[in-house]
Novice: 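Take a look at the following structure, please.
Lettering follows sequence order; numbering is per chain, from 1.
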2 protein chains.
Amino acid sequence: MSAAAPLRPRKAQIDRTATALFRAQGFAATSMRELATALGLEAGSLYSHIKSKEEILHRVCFGLADSFFAGFAAATHETAPVAEQLRQAIVAHVRVLTHDSAASAVFLHEWRHLSEPARREFLALRDRYEGAFRELIARGVAAGELHTPDPAFAALTLLASLNWLPNWYRPEGKLTPDEIAHRLAEQLLSGLWPHRGSTGPA
Amino acid sequence: MSAAAPLRPRKAQIDRTATALFRAQGFAATSMRELATALGLEAGSLYSHIKSKEEILHRVCFGLADSFFAGFAAATHETAPVAEQLRQAIVAHVRVLTHDSAASAVFLHEWRHLSEPARREFLALRDRYEGAFRELIARGVAAGELHTPDPAFAALTLLASLNWLPNWYRPEGKLTPDEIAHRLAEQLLSGLWPHRGSTGPA
DNA sequence: TTCATTTGCTAACGGGCGTTAGCGGGCCTT
DNA sequence: AAGGCCCGCTAACGCCCGTTAGCAAATGAA
């Protein structure tokens, strides 16, 4: 599904710098001149490497979508208890979010500046991803491993909690990404009521 | 804290229309000419009512902050079990989010286009609000009514789940705002493990 | 050596931006 | 009838936008 021929280094650097700016200021509020300056270039020079401003956004958004799908697939194609698959999917999701939190923030917030038909395609991918979590949870409920009155609701809540991460995650913080992931999973699976030990259902 | 002298009706209408546009396209990508057209005006005419584009954003962001604080205060100043106060705070938060989901979306996403010092002030308010939830949860843990390894983490997760609501809430949907609030509270308090009935700790 | 590729420059294009100045008509109050 | 306000208009200001054209220096392969 992904493929992604390796970008020339300069192009990759443009993407990285643009991603940081898009995250900090938003896509619309970031100008090509600003991006060029951050790279030590003139504005026109950017167009030796890219076709348009939106092309950068497109690559960032769809590239990250690929990462999320790849992580989910790797976490769930094995035959394990569904609750464990869900936990692994959470870990995979958090790994993507923490591995490139700037791109993740752009992925989460700036996709609306994609023009059609890319925007529609992006939303379809996002829906599909969300649906995968929903179905995983539904399978867990059917198997008696999970409990919720509404799997769709639960999936929404779960992803919302995870996706807030790029807003506060700091790579130099105390917790490693995997520790964060497990703590998030713990929180989401166990809730806030006091009831039992922390490693799973009795 | 709030005060808020009632705006003249035309000004309030500008705020409402701008809020809808800011939500749909983002602050930076919404032009004053576009806003004027949506109101059946010419661009210059807007300035009979407002001082600047940012003034609108400022009013929306800080007005909603007031609403959130007012809701929280009303939900928690009584002497009730802490877990119940938390539930009420969740309900209050969701009421604000659903009562004006467009303004909420702007509040959540567009505050970064405030210039200093407003931006810093806004973030201080947001931190204070988050801190109030954190302390409420911490009190609940101390009282043995709640359980979490990390109240700060729990507050982050909780608010993230709630704040995703404006992205999918539709006023014409099947669930009323209060039903949504209770379901969210249920989900967040109970988690996804199967363990017991749905009304609280044993 | 030659030649294509990569990379960057300068200059400019058409157009949109937020905002202001000045004007004029309605409308309410007195 | 008069004065003041509310409201909207037209025209324009200086500035920044994304993008393109054309050119040149460096680089590396043949």
Novice: Measure the CD-CG distance between A/Gln88 and A/Leu136 for me, rounded to the nearest 0.5 Å.
Specialist: 11.0 Å

Novice: OP1, OP2 of C/dT7 versus side-chain N and O of A/Ser45: anything below 4.0 Å?
Specialist: no

Novice: Taking the side chain of A/Ala43 as heavy atoms from C-beta outward, which of D/dT19, D/dG8, D/dT10 is closest to it?
Specialist: D/dT19

Novice: What would the secondary structure line of DNA chain D be in dot-bracket form, counting Watson-Crick and G-U wobble pairs under 3.5 Å, with [ ] for pairs that cross earlier ones and | for pairs with another strand?
Specialist: ||.|||||||||||||||||||||||||||

Novice: Tell me: CD of B/Glu34 to P of C/dC17, nearest whole Å?
Specialist: 7 Å

Novice: Output the rounded distance in Å from CG (A/Leu35) to P (D/dG18).
Specialist: 9 Å

Novice: Are B/Tyr47 and C/dT19 close enough that a side-chain N or O sits under 4.0 Å from OP1 or OP2?
Specialist: yes

Novice: Walk me through whether A/Gln13 and A/Arg16 qualify under side chain to side chain donor-acceptor pair (under 3.5 Å).
Specialist: CA-CA 5 Å; A/Gln13 190 193 10; A/Arg16 275 199 312 277; 5.7 Å; no

Novice: Out of D/dT19, C/dC9, C/dG8, which has the shortest distance to the side chain of A/Glu42?
Specialist: C/dC9

Novice: Between B/Arg120 and B/Glu116, is there a salt bridge with N-O shorter than 4.0 Å?
Specialist: yes

Novice: When the ring planes of A/Phe62 and A/His58 are compared, do they come out parallel, tilted or perpendicular, using 30° and 60° as the limits?
Specialist: parallel

Novice: Does the side chain of B/Glu186 come under 3.5 Å of the side chain of B/Ser190 through a donor N or O and an acceptor N or O?
Specialist: yes

Novice: Measuring from the side chain of A/Arg10 (C-beta onward, heavy atoms only), which nucleotide among D/dC7, C/dG8, C/dT19 has the closest atom?
Specialist: C/dG8

Novice: Rounded to whole Å, how long is the line connecting atom CG of A/Leu39 with atom P of C/dC9?
Specialist: 11 Å

Novice: Quick check: any donor-acceptor pair below 3.5 Å linking the side-chain of B/Arg33 to the base of C/dG18?
Specialist: yes

Novice: Do NZ/NE/NH1/NH2 and the carboxylate oxygens of A/Arg87 and A/Glu145 come within less than 4.0 Å?
Specialist: no

Novice: Give B/Ser31 one of three labels, base, sugar-phosphate or nothing, depending on what nucleic acid heavy atoms sit under 4.0 Å from its own.
Specialist: sugar-phosphate

